Participant: 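Here you go, one structure.
Reminder, nothing fancy here: chain letters follow the sequence lines and each chain counts from 1. Quick caveat: nothing in here was measured; it's all calculated off a predicted structure.
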Protein chains: 2
Amino acid sequence: MSETAMLFVHDEGQKAIMDVAAQCFLERGFHATSIDDVARRLGSTKGRVYHFFASKADLLFAVAEHGMDVNFKAIEPYLDADMPAIKKLYEMAIAHTLAMINYRPYQNAVWQGVEIYMRGATTPEQRERLSTLVDTRDRYSTLFRSVLEQARDDGALSYRDGSIARQLMFMTLNSPVFWYKPREGETDADRLSIARQCVDFALSGLDARHAAV
Amino acid sequence: MSETAMLFVHDEGQKAIMDVAAQCFLERGFHATSIDDVARRLGSTKGRVYHFFASKADLLFAVAEHGMDVNFKAIEPYLDADMPAIKKLYEMAIAHTLAMINYRPYQNAVWQGVEIYMRGATTPEQRERLSTLVDTRDRYSTLFRSVLEQARDDGALSYRDGSIARQLMFMTLNSPVFWYKPREGETDADRLSIARQCVDFALSGLDARHAAV
DNA sequence: GTTGACAACCTACCCAGTAGTATGTGCAAT
DNA sequence: ATTGCACATACTACTGGGTAGGTTGTCAAC
């Protein structure tokens, strides 16, 4: 669990709102979602939402930060595992991608939160909150970065620009957030298969054997 | 040029508005951009925008469709080229990725347009227009699909699920739309280098040699 | 068992911003 | 002189974030 995770303990009331909000943000997008939409979906009114969250941006922030908590928890078991860097990277990538699939609404909120921050959120208050989210995501990215570099030092990977390599890797691993839709009667094994395809794609990509066809 | 390209001939007046609108949509996002924002940036007023475009959605549509036209033009030279499928794929992918880099505001509008459609645009009129955009994009995707399949038949590639493979490939090739920022004194060669990294990543990824570490 | 306090809402409202429109205006071409 | 294009001005109508104040249920203290 991330250090900040403890700062965001949500009770039942908050969690129910967050679940619905995450779903709305996924379906309509943050800007196109009104608090009334969220409330309607909850079978209640705005009052309930504003009782627990100071603003609409605050709600997005809470949802996104929870998504990041899920990610930290997912890869935590492997961080101190005693295995080759490439193997560790593989396990972390699978765990990460499965989190994208299984918590898609929350992960989508992370994406939207970061995007809004990058675009320059309006109020200073909003910016500070979203900046915290971006920091959290950067800290998370760093965990992969060190494993990536170690794997390259071991000769298991051979990418060029580390910054672009990480961009492309995360783009691939995160991509289910954009296109994954659960099929009827889908099992955990099916989802694992999808995750494996993403990870195989990414890890192969990090090994630039194709260099200049 | 695509068949539909001729349907969207924009004169100087329209193009100036589209350029500014594309930039605004990129920086603030479609929903967060008001027509007044676009007009302000043009040094004029709403009247000018609404003189050329029926609605805000219409403006997005025009921008996005123009972005797709750019893409069709970029890969056109290679479609009937006499070369191995894998080589053709490589050239098309480079051209495509360079288009993402060089026309980022327009390409970002394509992405936003598709997203808004997927999320279910409000009015039927909007839906129809955006559905045209999605069709155009699907037609474009098909051009890659056939080359991809031929390359696999040639034994040059070996992906599993074709649908997921294309998703991941386009995700990688399109990714500069999200993170590319021109550096100071950047040359065409620099941009080509970035495109190459994306394409190498994608093509390596399509060759599942890593399968199960 | 009554009171007080507090959480968890709801109702009714304000108001800033924004898509879209109706109408006016300058100017170039004919 | 008149038409018509390319805008500007000045609206309307409405959405949607946020707030102020009231209401209800619960639970602890006395």
Side-chain angles (χ1 to χ4, degrees), chain A residues 9-22 24-25 27-64 109 112-113 116 119-130, chain B residues 9-22 24-25 27-64 109 112-113 116 119-130:
Chain A
V9 180
H10 307 291
D11 62 19
E12 298 306 315
Q14 296 180 50
K15 191 65 193 327
I17 295 171
M18 287 165 62
D19 282 347
V20 170
C24 289
F25 293 160
E27 290 176 10
R28 307 270 184 190
F30 175 71
H31 284 293
T33 299
S34 72
I35 298 291
D36 282 320
D37 287 340
V38 176
R40 213 182 343 267
R41 197 110 151 202
L42 277 165
S44 63
T45 69
K46 265 204 290 217
R48 181 171 169 192
V49 177
Y50 277 101
H51 177 67
F52 289 101
F53 300 95
S55 69
K56 191 185 170 187
D58 207 61
L59 179 54
L60 173 66
F61 176 74
V63 170
Q112 291 194 53
I116 289 172
R119 279 169 173 161
T122 47
T123 74
E125 175 200 316
Q126 280 183 18
R127 273 203 79 72
E128 203 193 342
R129 246 150 154 51
L130 289 178
Chain B
V9 180
H10 307 290
D11 64 19
E12 298 307 315
Q14 296 179 52
K15 190 68 195 324
I17 296 171
M18 286 165 62
D19 282 347
V20 170
C24 288
F25 293 160
E27 290 176 9
R28 310 265 185 190
F30 175 72
H31 284 292
T33 300
S34 73
I35 299 290
D36 282 320
D37 287 340
V38 176
R40 215 184 341 267
R41 197 110 151 201
L42 276 165
S44 64
T45 69
K46 264 206 291 221
R48 183 169 169 193
V49 177
Y50 276 102
H51 177 66
F52 289 102
F53 300 94
S55 69
K56 190 185 169 187
D58 207 61
L59 179 54
L60 172 67
F61 176 75
V63 170
Q112 290 193 53
I116 289 171
R119 281 170 172 159
T122 47
T123 76
E125 175 198 317
Q126 279 185 18
R127 274 202 80 71
E128 202 193 343
R129 251 158 150 45
L130 289 178

Participant: CZ of B:F52 versus C1' of D:dA6: gap in Å, rounded?
Facilitator: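 That distance rounds to 6 Å.
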Participant: Might you point out which heavy atoms bring B:Q112 and B:F25 nearest each other, and give the distance in Å?
Facilitator: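 For B:Q112 and B:F25, the tightest heavy-atom pair comes out as NE2-O, 2.9 Å.
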Participant: Taking atom C1' of D:dG18 as reference, at what distance in whole Å does atom CD of A:Q126 sit?
Facilitator: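 Value for this atom pair: 13 Å.
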Participant: What is the separation between atom CD1 on A:I35 and atom P on C:dC15, rounded to the nearest whole Å?
Facilitator: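 It is 21 Å, rounded to the nearest whole Å.
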Participant: Evaluate the side-chain contact (heavy atoms from CB on, under 4.5 Å) criterion for residues B:Q126 and B:F61: first the C-alpha distance (whole Å), next the side-chain angles of each, then the deciding distance (0.1 Å), finally the verdict.
Facilitator: CA-CA 9 Å; B:Q126 279 185 18; B:F61 176 75; over 6 Å; no
Participant: Send over the distance from A:K46 NZ to D:dG16 C1', rounded to a whole Å.
Facilitator: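 Distance check: A:K46 NZ to D:dG16 C1' gives 6 Å.
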Participant: Rounded to whole Å, how long is the line connecting atom CZ of A:R48 with atom P of C:dT11?
Facilitator: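 Going from A:R48 (CZ) to C:dT11 (P), I get 13 Å.
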Participant: I need the OH-P distance between B:Y50 and D:dA6, as an integer number of Å.
Facilitator: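 Result: 19 Å.
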Participant: Can you check the A:D58 CG to D:dG17 P distance for me, whole Å?
Facilitator: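 Rounding to the nearest Å, CG of A:D58 and P of D:dG17 are 14 Å apart.
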Participant: OP1 or OP2 of D:dC7 versus the side-chain N and O atoms of B:H51: is any pair under 4.0 Å?
Facilitator: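 No.
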Participant: Going by an N to O cut-off under 4.0 Å, is there a salt bridge joining A:R40 and A:D36?
Facilitator: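 No salt bridge links A:R40 with A:D36.
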Participant: Within the structure shown, what part of the strands sits under 4.0 Å from B:S34 by heavy-atom distance: base, sugar-phosphate, or nothing?
Facilitator: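 Sugar-phosphate only.
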Participant: Establish, for the pair A:K56 and A:F30, whether the NZ or CZ atom is under 6.0 angstrom from the six-membered ring centre and no further than 45 degrees off its axis.
Facilitator: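 Cation-pi check for A:K56 and A:F30: passes.
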Participant: Starting from C1' on D:dA6, measure out to NZ on B:K15 and report it in whole angstrom.
Facilitator: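 It is 20 Å, rounded to the nearest whole Å.
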